[in-house]
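Here the structure is laid out as structure tokens; the discussion comes afterwards.
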There are 2 protein chains.
Amino acid sequence: MATSMALRVGKVDRILDALGDSTRRRIIRLLSTRPMSVSDLAKPLGITVTAVTQHLRILQSCALLTSRKNGRVRMCSLDASGFETLEHWVSECRTSWERRLDRLGGILDEDDT
Amino acid sequence: MATSMALRVGKVDRILDALGDSTRRRIIRLLSTRPMSVSDLAKPLGITVTAVTQHLRILQSCALLTSRKNGRVRMCSLDASGFETLEHWVSECRTSWERRLDRLGGILDEDDT
DNA sequence: GCAATACTGAAGTTTTCACTTGACTATTTG
DNA sequence: CAAATAGTCAAGTGAAAACTTCAGTATTGC
């Protein structure tokens with residue numbers, strides 16, 4: 001379990017870097033309703049198709065998105081595998097925190113600022 | 001369910017922006033083992049305590065981190081609530097994707113690049 | 001009380017990265 | 001085949017943001 005997390009760190013880093021941009025998150029939200037082409041995406045985003053392509057490359061490189069080119073049209077859709085990787089990491093973060101809290105009995109409560 | 005997701009969008013955006021930085025992720029990983037002070041964190045990160053403080057503010061503003069000042073030492077520790085918010089969002093992304101895939105019967109498979 | 005420690009705040013620098021432009025390739029349609 | 005459409009590539013620009021420095025405020029220990 002510690003091993004699987006270590007092996008996934010590089011992946012998770014790239015996923016979180018990818019999701020750390022609001023335009024890429026808008027792309028994810030658009031694609032969560034239906035598959036769309038590059039220019040379909042560019043229109044509501046209000047940016048050039050070139051910019052969209054650059055974002056797609058990043059989302060694809062960390063398995064948050066898949067695409068296939070039919071003729072001259074590239075259709076894009078979400079890829080579950082990246083989200084699964086992320087889901088594992090988040091739940092591991094949370095559970096390791098909970099384990100620690102159980103051991104210590106909740107010493108830290110609030111901040112002061 | 002759609003409502004709860006919509007209400008959480010602002011939160012999730014700030015969480016993902018926060019996690020979209022490698023130094024802040026290193027802070028999270030350090031704190032997943034034990035609570036640490038600001039200067040405890042600065043040492044392994046190789047940056048100034050000022051920079052750490054700036055990151056802490058961001059992590060705290062989206063409930064990924066809590067801290068409490070005892071005397072002149074601020075002790076930091078992970079906050080589960082931010083991770084829970086994120087976990088919900090990720091799983092909603094994944095399940096909406098799966099629902100769509102079920103309806104369409106898996107038309108898109110691979111990319112070509 | 002004085003020095004050292006732990007952190008915070010404001011302001012400046014540097015770097016990163018999102019986006020554009022312009023040129024190019026490949027596909028479709030008249 | 002020519003024009004239009006869909007996308008890609010390389011290079012350049014601009015703005016956001018990560019980090020530093022320096023000055024300042026509490027707290028602790030001698």
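Every chain is numbered from 1, with letters handed out A, B, ... down the list of sequences.
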Can you measure Asp21(A) atom CG to dC19(C) atom C1' for me and round it to whole angstrom units? 11 Å

Presence of donor-acceptor pair under 3.5 Å, side chain of Thr50(B) and base of dG9(C): yes

Could you give the CG-to-C1' distance, from Leu45(B) to dA18(D), as a whole number of Å? 13 Å

Answer yes when Arg25(A) and Asp17(B) have at least one side-chain N-carboxylate O distance shorter than 4.0 Å, and no when they do not. yes

Whole angstroms only, please: what is the CZ-C1' distance between Arg57(A) and dC19(C)? 13 Å

Interatomic distance, Gln54(A) CD vs dG7(D) P [rounded to whole Å]: 15 Å

Without decimals, in angstroms, what is the distance between Arg72(A) CZ and dG7(D) P? 9 Å

Show, in sequence, the C-alpha distance, side-chain angles and deciding distance for Asp13(A) and Arg29(B), and conclude whether the salt bridge (Lys or Arg N to Asp or Glu O under 4.0 Å) test is met. CA-CA 12 Å; Asp13(A) 276 4; Arg29(B) 292 191 178 110; 2.8 Å; yes

Separation of His55(B) atom NE2 from dC7(C) atom P, in whole Å? 16 Å

Can you measure Arg74(B) atom CZ to dT25(D) atom P for me and round it to whole angstrom units? 18 Å

5'-most by nearest nucleotide on DNA chain C - Gly71(A) or Thr23(A): Thr23(A)

Examine dT8(C): is either OP1 or OP2 under 4.0 Å from a nitrogen or oxygen in the side chain of Thr53(B)? Give yes or no. yes

Would you say Ile58(B) ends up clustered with Met36(B) if hydrophobic residues are merged whenever their side chains have heavy atoms under 4.5 Å apart, either directly or through other cluster members? no

Thr48(A) near the nucleic acid: base, sugar-phosphate alone, or nothing, with a heavy-atom cut-off under 4.0 Å? base

Let me know the distance between CD of Gln60(B) and P of dT8(C), rounded to the nearest Å. 9 Å

Base, sugar-phosphate alone, or nothing: which one does Val38(B) contact when heavy atoms must sit under 4.0 Å apart? sugar-phosphate

Sub-3.5 Å donor-acceptor pair from the side chain of Asp21(A) to the main-chain atoms of Arg24(A), do we have one? yes

